[in-house]
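All remarks here apply to the structure that follows.
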Amino acid sequence: MDKQIGVTAMPPKSNFITQLKRIKISGLPLKYYIPFSIIILLAVYTGNLNKDIIGSIAFLLMAGGLFSYVGGIIPIFGSWMGGAILLPLFAGSALVYFGLIPDYVQTNISGLIGSGFVNLFLSAIIIGSILSMDRKVLVSISLRLLPCIIGALAFVFIFLFLGSLLTGSTLLEGLFMIGLPNYTGGSSGAIAVVPSIYSPIFHKPAGTFSGQFLVYMNISNLICVIFAGLLHKLGKRYPSLTGNGELLKNVRKNADQPVEEKAKVSSDLKKDITKLGTGLFVSVVFIIAGNILQTLIPQLNFIAWAVILVIIVKATGFLDDSLCQSSDYWQGFMVRNFLPFLITGIGIASLDLSQVSSYFTVSNFIIIIFGVIGSVAGSLIVGKLMKFHPIDSMIAVGLNLGNLGGTGAIGVLSTSERMGMMPFATIANRIGGAIMVIVISLLLPYFL
């Protein structure tokens with residue numbers, strides 16, 4: 001008996017060591033990440049960290065990678081609440097709040113974040129996400145999916161309006177400061193896109209809005225996941241209401257082939273590193289074009305103009321597939337390497353941790369849950385007109401408009417056991433987010 005215990009005690013130790021060897025933070029195994037981090041921290045606390053972009057980049061890659069990894073492995077928080085995104089923001093803020101980093105480091109990082117790096121990141125996300133979509137899919141599925149998305153967003157407005165009246169909040173507060181930012185295309189919309197629109201209007205740094213918007217979006221995301229579980233149980237009880245992952249009635253979906261083809265293209269692209277530069281060039285040109293249009297028609301923010309331009313260009317097939325694929329490659333590079341970097345920087349530069357508690361109020365929660373109910377109701381009603389299965393329409397569209405995006409879609413679709421609807425969820429989140437960004441830019445001035 002003792003021998004059996006001794007034998008079975010060894011594998012866990014071996015597995016633990018193996019698991020440690022597999023851990024990578026900021027792309028580095030622990031045997032490299034730890035000594036590299038020691039060098040950076042030694043420089044920070046001896047006053048020898050480079051007081052320029054090199055020092056700021058090194059610190060944010062080190063800290064952002066660690067915070068993102070830890071946030072991602074925390075049970076429930078990591079898988080359903082976007083812990084890999086949320087923790088870097090608040091951990092970065094905590095470094096300042098508790099005085100854990102010297103003032104000169106905070107100043108240097110604030111300078112980097114305020115120098116336009118956010119817009120560079122935005123150009124990669126916005127342009128790459130739309131250009132990476134298959135043109136035929138973008139055009140054909142929009143004929144049915146787009147009305148459903150628009151209808152759901154319309155109901156979001158109505159229910160947020162009702163929630164604002166119920167809680168006694170002003171429409172500016174209930175709609176634009178609490179509810180609508182949750183529907184701007186995932187975490188990137190909340191922490192970067194909407195704040196960049198609000199910054200010149202309210203004359204405040206963009207980062208001052210990022211914290212509260214990301215908190216609100218996480219609340220919305222959690223509500224969406226809970227609703228997904230409830231709708232899944234409803235579908236089991238009433239099978240006639242669901243296609244069990246098939247959105248359109250009497251039509252077989254075929255989402256596997258496009259995904260495989262995209263994976264093959266992505267693999268081929270990685271053989272040519274120059275595609276990164278091509279994707280960067282394409283992305284910034286659209287942002288610059290948007291800026292030119294903003295000077296001509298200032299009612300729309302340059303980001304919203306860029307969104308409109310890239311949708312038109314993609315739908316008309318003006319750009320070669322190689323340029324679109326390069327933009328997708330550039331987007332992937334920025335997200336994988338600089339999302340934790342950026343969020344940690346925003347936390348350090350702009351988020352006041354002492355104000356975070358004020359975001360969690362009963363009235364805010366009521367407004368947010370009203371928005372989710374509106375999104376679900378709109379996708380149900382319009383989805384029925386588009387011949388969508390009711391429950392699948394509510395999950396694919398209604399619950400994917402107001403979540404964190406990629407991690408949010410995984411939480412919603414895994415909870416509802418409908419991971420096969422990921423392409424539809426992605427389209428709903430991206431296109432719906434783009435529409436909401438445009439709408440916010442147009443309507444906000446009338447509520448000031």
Side-chain angles (χ1 to χ4, degrees), residues 122-157 180-190 192-194 197 217 220 224 247-248 253 255 258-259 262 283 286 290 300-301 303-317 319 324 327-328 331 335 371 374-376 378-379 382-383 385-386 388 392-406 408-409 412-413 421-443:
L122 282 178
S123 69
I125 299 301
I126 295 174
I127 310 307
S129 64
I130 297 175
L131 290 181
S132 64
M133 296 178 66
D134 181 83
R135 184 170 67 90
K136 293 181 180 179
V137 171
L138 181 64
V139 174
S140 64
I141 204 169
S142 295
L143 296 176
R144 291 181 183 270
L145 200 57
L146 186 59
C148 190
I149 293 171
I150 294 175
L153 292 177
F155 272 76
V156 167
F157 268 93
L180 296 182
N182 298 327
Y183 299 87
T184 54
S187 56
S188 297
V193 179
V194 179
I197 294 174
M217 183 170 282
S220 178
C224 288
L247 186 58
L248 196 61
K253 60 180 180 178
V259 173
K262 184 175 179 180
S283 298
F286 274 103
L300 276 184
N301 178 272
I303 296 173
W305 276 119
V307 170
I308 293 174
L309 285 173
V310 72
I311 289 177
I312 293 174
V313 167
K314 181 63 178 180
T316 57
L319 289 181
C324 296
S327 296
D328 185 27
Q331 175 201 192
V335 171
S375 181
V376 170
S379 62
V382 182
L385 298 176
M386 296 295 109
F388 290 163
D392 301 274
S393 177
M394 289 187 283
I395 292 174
V397 178
L399 296 181
N400 279 288
L401 286 173
N403 63 31
L404 288 167
V412 166
L413 298 180
M421 294 201 304
M422 183 63 76
F424 305 122
T426 301
I427 291 173
N429 190 267
R430 289 179 177 180
I431 301 301
I435 293 172
M436 184 57 74
V437 168
I438 295 170
V439 170
I440 288 176
S441 297
L442 287 172
L443 295 184

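Side chains included, hydrogens not; waters and symmetry mates left out as well; all remaining heavy atoms used.
Phe286 approaches Val310 most closely through the heavy-atom pair CE2-CA, 3.8 Å. Heavy-atom minimum distance, Val397 versus Ala152: CG1-CB, 4.4 Å. Across every non-hydrogen atom of Ser132 and Gln331, the tightest pair is OG-NE2, 4.3 Å. Nearest heavy atom pair, residue Leu131 against residue Lys314, reads O-NZ, 2.9 Å. Looking at every heavy atom in both residues, Met217 comes nearest to Ala190 through CE-CB, 3.8 Å. Scanning all heavy atoms of the two residues, the minimum distance from Gly290 to Leu309 falls at N-CD1, 4.2 Å.
Summarising the geometry, atom CD1 belonging to Ile440 is positioned 5.0 Å from atom CG belonging to Leu180; distances are rounded to the nearest 0.5 Å. Atom CD1 of Ile435 sits about 6.0 Å away from atom CG of Leu153, to the nearest 0.5 Å. The CG atom of Asp328 sits 12.5 Å away from the CD1 atom of Ile127 when rounded to the nearest 0.5 Å. A distance of 9.5 Å separates CG in Leu443 from CE in Met436, rounded to the nearest 0.5 Å. Atom-to-atom distance recorded for Leu146:CG and Met386:CE is 10.0 Å, nearest 0.5 angstrom. Here the straight-line distance linking atom CD1 of Ile197 with atom OG1 of Thr184 works out to 8.0 Å at 0.5 Å rounding.
At least one side-chain heavy atom of Leu247 sits less than 4.5 Å from a side-chain heavy atom of Leu145. In this structure, the side chains of Met394 and Phe388 stay at 4.5 Å or more apart for every pair of heavy atoms. Between Asn400 and Phe424, every side-chain heavy-atom pair lies at or beyond the 4.5 Å cut-off. A heavy-atom distance below 4.5 Å is not found between the side chains of Tyr183 and Asn403.
Residues that satisfy the side-chain hydrogen bond (donor to acceptor under 3.5 Å, both in side chains) test with Asn182, not counting sequence neighbours, are absent from this structure. Residues satisfying the side chain to side chain contact (heavy atoms under 4.5 Å, CB included) criterion with Cys224, sequence neighbours excluded, are Ser220, Val372, Leu399, Val412.
No donor-acceptor distance shorter than 3.5 angstrom exists from the side chain of Ser327 to the backbone of Gly128, with no hydrogens or angles considered.
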